[in-house]
Peer 1: 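Dumping the structure here so I can ask a few things about it.
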Amino acid sequence: MPDLRFGDAEPTDEERIAVDEVVADLGSVVVVEGERLVYAGHARTAERRHLLLPALHAVQRASGWISPGGLDYACRQLEVPPAEAYGVATFYHLFAHEAPEATDVVHVCDDVACRPVGALGLIDELRAAGHHAKASPCLGQCERGPAVLVQRCGDHDLTVAPGSVDEVAVAISGRTSTASVSLPQVGSPDLRLLARVGVVDPGSLDDYRAHGGYRALEAALAMGPDRVIEEVTTAGLSGRGGAAFPTGVKWRGVADQQGRPRHLVCNADESEPGTFKDRVVMEGDPFSLVEAMTIAGTAVGAERGWLYIRGEYPVAAHRLRSAIDQARVAGLLGDDVAGSGTRFDIDLRIGAGAYICGEETALFNSIEGFRGEPRNKPPFPTTHGLFGEPTAINNVETLVNVLPIMLDGGEAYRAIGTERSPGTRLFCLSGRVSNPGTYEHEFGITLRGVLEAAGGVVGADEPHAVLLGGAAGFFVRSEQLDLPLTLEDTRAAGVSLGSGVVMVFGEEDDMVDTVRRVAEFFRDESCGQCVPCRVGTIRQEEVLARLRDGATLDAERDLLDDLAAVMGDASICGLGQTASGAIRSALDLGLLEGSR
Amino acid sequence: MNDVPVPTPRRLVELTIDDRTVRVPEGSTILDACHQEGIDTPTLCWAENLTPVNVCRVCVVEVENSRVLVPSCSRAAEDGMVVATDSERVRTSRKMVYELLASSVDLDRADDEVHAWMDHYGCDPGRMGDKADIATVAQPPKVQDDLYVRDYERCILCYKCVEACGDDAQFTFAIATAGRGFDAHISTEFDVTLPDSACVYCGNCIGVCPTGALVFKTEHDMREEGTWDEDAQAVTTTVCSFCGVGCNLELHVQDEQIVKVTSPADHSITNGHLCIKGRFGWQHAQS
Ligand SMILES: Cc1cc2nc3c(=O)[nH]c(=O)nc-3n(C[C@H](O)[C@H](O)[C@H](O)COP(=O)(O)O)c2cc1C
Ligand code: SF4
Ligand code: SF4
Ligand code: SF4
Ligand code: FES
Ligand code: FES
């Protein structure tokens, strides 16, 4: 008998059915003699606790909130203590823990790219029209703001972008999201990662094959794991999720953990403000990611792949689920991948509104059914990742780069880009450019070149400021327009490419408000675990609010400096460590001058 | 011959701390090494009877070739490590961590050593702004039964109570961290009262709380009345008589009344943890 105590609230029939669907594959619990049947402890999490996040989604979808009866029912099925499950549920923005005011919640992005295009006004208009509208951090639709996510009770969620009162009504009545935008460079022969986006039918495996799909997997299986890793190493592929770690080295590290169960995780959490490139790949060419994950998984010796996608991407998630199902039916996933005798399959996991879950160890905790709190490193994921087992975790863009490497070889790949930054890079153009959207360029193109390819700055020759790399990146100004966008050049200039964000601001934009919104983002998204970040980010936001309200910079500078130093030095993870970078750069560039 | 297995001696690792060469058994943390060398190191979320969670960050030290500071309480000592425990970077971070806490939490009942360290580093929480104008965790105490009070405006979120209630001692899991960021807090499910939760009143969470956020109702009431006086309290050690396990009890007595019960963290049976009978049984005996 379980030694946990549950509540006595009853689930509704809908909640019971929804949770039962999630736990359908689980048998009843087998208790080893002498074992404490407590999944809350890290013991046996791989068996059932990892279904907590899907079960919470099921309850939220069924009732529009995480009700006491629904939570308790999920806890009984999964042997999770209610207090812990409540702690997990309240970690995520997309789970409500109070009865909903309305069945649909309309989340409106009021983040840095959407504010200048009327996000705040839209929230008021939607409320006036009777919607339950809530401000949200970046929804990953920055090229077509103001972005809206309609979270529905009893039905699938909808993306509406650009959002308006009318478009929201149309989307709800038709139960359809706004169609994906076409790619500015669509059909260009220079595209390598985006070649099929906007060209191939994302819902058809046959069409994917007709456009060259699954030839890379065939090549990889013929080469065998060691050669695959060698080619990736030769190619000089580095991670596109932010830290630019060499992918070949990471894979080698995991492959070397012979005899232990291993995992391959695709990080599709994409929540860095200004970032939407991975979504464009997943919506436009979902099979390419499934194929790339299969190559990566079989190379590192993982039998299980996990695709963790942010909860705000309903269209991408739907297409990926369909792609995974089709690949499985076709024998391209499962016990015998493409007849090779190798086993590999993919679990799709959906986040629930938490930027921090993009941090790799937080992502593991989130999948395992714990709060998305980052772990202290070392140990690193290559030896202690998901469920404490060796794990290769890569960003979506990193993984799809593996396809051309398999087809053309590592040497050919190396010839593109620069010596130390081989390959192409996806850039997310938003803000005051003529043609915002996702672009693919060779490493080494200048910032000016990137802006020109997007039709230039709207209404000016040069940008007032550019946010490069996302909220965890830095602001730059016109002096940096000729900076070659490579890992080495950006590093030397003290900035970073981060997740490929190029967000353009004009003279007309309120930079003090923008910078304050960046500070708000970090306060809002801090997991709250460590003191420098939990309290530091709110103190930083308070300073910027004071500046907006007329305080002088001189009076606040020492405190900002010390906060930056201590968050950077003493925080557990990258969130706290980078939470003051963009703000400091704005200060150094005089972008907050108005508040002197 | 005796066949009691003799533990194989652990290999020693050699590292440098503050220019001294230090040898500790493999698996020791940097904090263990500091303790061995008598190097005073502040801690808030660490306790010898709990698994390190490394969240408070007051114990950070500088390790050569590490980009950021590392928590000494959880980082294993390694051969060749070069550690500085009192560098400018370390002092700046430790000082501000205390300031950040003190600016948001009421530390007036925190352990004496908290105040000693804050003096040592010259902390000035006031520079974060007037407490009336900035975010704090101020809230009324939760008084839900006659045994203990949860006064979360004194909570620094060190996770110790969660660990003591969970898989470090009690395995009851009545409380957990809920919410996120600055709103993160310790809670039962849906904030139900303790009597409605899984709590079995072992009081282990009270025993580990470093800031007086979790206190015996007696202590809470006496502090409210202004009659709490630690200087006038005597501590008597005894063995709990409720069952045969043999737990050590420390009875804190003021004016011939027991006012709270603790157990030493280094006691071989309890590790500082008790059950409801040992922790609160005196209330019945006394009344
Ligand atoms: C706060 C934070 C958020 C992150 N979010 C993401 C993300 O959304 N997607 C991503 O791929 N990497 C993200 N990362 C980086 C990951 O931790 C990790 O480095 C990456 O997934 C590794 O993949 P790569 O080597 O292919 O880049 C984030 C890191 C931090 C600190
Ligand atoms: S730095 Fe921030 S997000 Fe990272 S662990 Fe600490 S509190 Fe959480
Ligand atoms: S008294 Fe015991 S059971 Fe109750 S919350 Fe504290 S540690 Fe948990
Ligand atoms: S109540 Fe006490 S023990 Fe629990 S987290 Fe807060 S300060 Fe730590
Ligand atoms: S969707 Fe609004 S800023 Fe990204
Ligand atoms: S004592 Fe080490 S982080 Fe808290």
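The analysis underlying the following values was restricted to heavy atoms, covering all of them including side chains, and did not include hydrogens, waters or symmetry mates. Convention: sequence-line order gives letters A, B, ...; per-chain numbering from 1. What you see is a predicted model, and the numbers here were worked out from it, not measured in a lab.
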Peer 1: Which one of B:Ala184, B:Ala76, B:Ala135 has the most heavy-atom pairs closer than 4.5 Å to chain A?
Peer 2: B:Ala135

Peer 1: Side chain from CB out, backbone as N, CA, C, O: work out which of these in A:Ala89 comes under 4.5 Å of a heavy atom of chain B, or both, or neither.
Peer 2: neither

Peer 1: Is chain A contacted by the side chain of B:Ile175, its backbone, both, or neither, given a heavy-atom distance below 4.5 Å?
Peer 2: backbone

Peer 1: Which bit of B:Ile156 comes within less than 4.5 Å of chain A, counting heavy atoms only: side chain, backbone, both or neither?
Peer 2: backbone

Peer 1: Between B:Ile134, B:Leu44, B:Asp133, which residue shows the highest count of heavy-atom pairs closer than 4.5 Å to chain A?
Peer 2: B:Ile134

Peer 1: Using non-hydrogen atoms only, which part of A:Glu373 is less than 4.5 Å away from chain B: side chain, backbone, both, or neither?
Peer 2: side chain

Peer 1: Which of residues 84-92 of chain B get closer than 4.5 angstrom to chain A, counting heavy atoms alone?
Peer 2: B:Arg89, B:Thr92

Peer 1: Would you mind telling me which of B:Asn54, B:Val58, B:Asp191, B:Val70 has the largest number of heavy-atom pairs within less than 4.5 Å of chain A?
Peer 2: B:Asn54

Peer 1: Among B:Ser187, B:Ala176, B:Gly181, which has the most heavy-atom pairs under 4.5 Å with chain A?
Peer 2: B:Gly181

Peer 1: Which residue pairs pass the salt bridge (Lys or Arg N to Asp or Glu O under 4.0 Å) test with at least one member in residues 66-78 of chain A, sequence neighbours excluded?
Peer 2: A:Asp72-A:Arg76

Peer 1: Which region of B:Arg67, side chain (C-beta onward) or backbone (N, CA, C, O), has a non-hydrogen atom less than 4.5 Å from a non-hydrogen atom of chain A, or is it both or neither?
Peer 2: both

Peer 1: Non-hydrogen atoms of chain A under 4.5 Å away: do they reach the side chain of B:Asp168, the backbone, both or neither?
Peer 2: neither

Peer 1: Identify whether the distance between the nearest side-chain nitrogen and carboxylate oxygen of A:Glu368 and A:Arg375 falls below 4.0 Å.
Peer 2: yes

Peer 1: Where does B:Ala174 contact chain A at under 4.5 Å (heavy atoms): side chain, backbone, both or neither?
Peer 2: backbone

Peer 1: Suppose a student defines contact as a heavy atom less than 4.5 Å from any heavy atom of chain A. Which residues in residues 98-109 of chain B would they list?
Peer 2: B:Leu100, B:Leu101, B:Ser103, B:Ser104

Peer 1: Measuring from B:Tyr152:OH to B:Gln139:CD, what's the distance to the nearest 0.5 Å?
Peer 2: 8.5 Å

Peer 1: Which atoms of A:Gln529 come close to chain B, meaning under 4.5 Å heavy atom to heavy atom: side chain ones, backbone ones, both, or neither?
Peer 2: both

Peer 1: Is there a salt bridge (charged side-chain N to carboxylate O under 4.0 Å, His left out) between B:Arg180 and A:Asp524 once you walk through the steps?
Peer 2: CA-CA 8 Å; B:Arg180 188 169 85 195; A:Asp524 204 26; 5.2 Å; no

Peer 1: Taking salt bridge (charged side-chain N to carboxylate O under 4.0 Å, His left out) as the test, write out the residues that go with B:Arg11, two or more places apart.
Peer 2: B:Glu26, B:Asp79

Peer 1: Between B:Lys160 and B:Glu163, does a salt bridge (charged side-chain N to carboxylate O under 4.0 Å, His left out) hold up when you go through it step by step?
Peer 2: CA-CA 5 Å; B:Lys160 280 178 171 171; B:Glu163 292 205 289; over 6 Å; no

Peer 1: Can you check whether A:Gly351's main-chain N or O pairs, donor with acceptor, with A:Arg310's side chain at less than 3.5 Å?
Peer 2: no

Peer 1: For atom CG of A:Asp8, is the number of surrounding heavy atoms from other residues, nucleotides or ligands below 6.0 Å larger than 12?
Peer 2: no

Peer 1: Verify the neighbour count for atom NZ of B:Lys277: are there more than 12 heavy atoms of other residues, nucleotides or ligands below 6.0 Å?
Peer 2: no

Peer 1: Which residue out of A:Asp569, A:Val566, A:Val531 racks up the most heavy-atom pairs below 4.5 Å with chain B?
Peer 2: A:Asp569

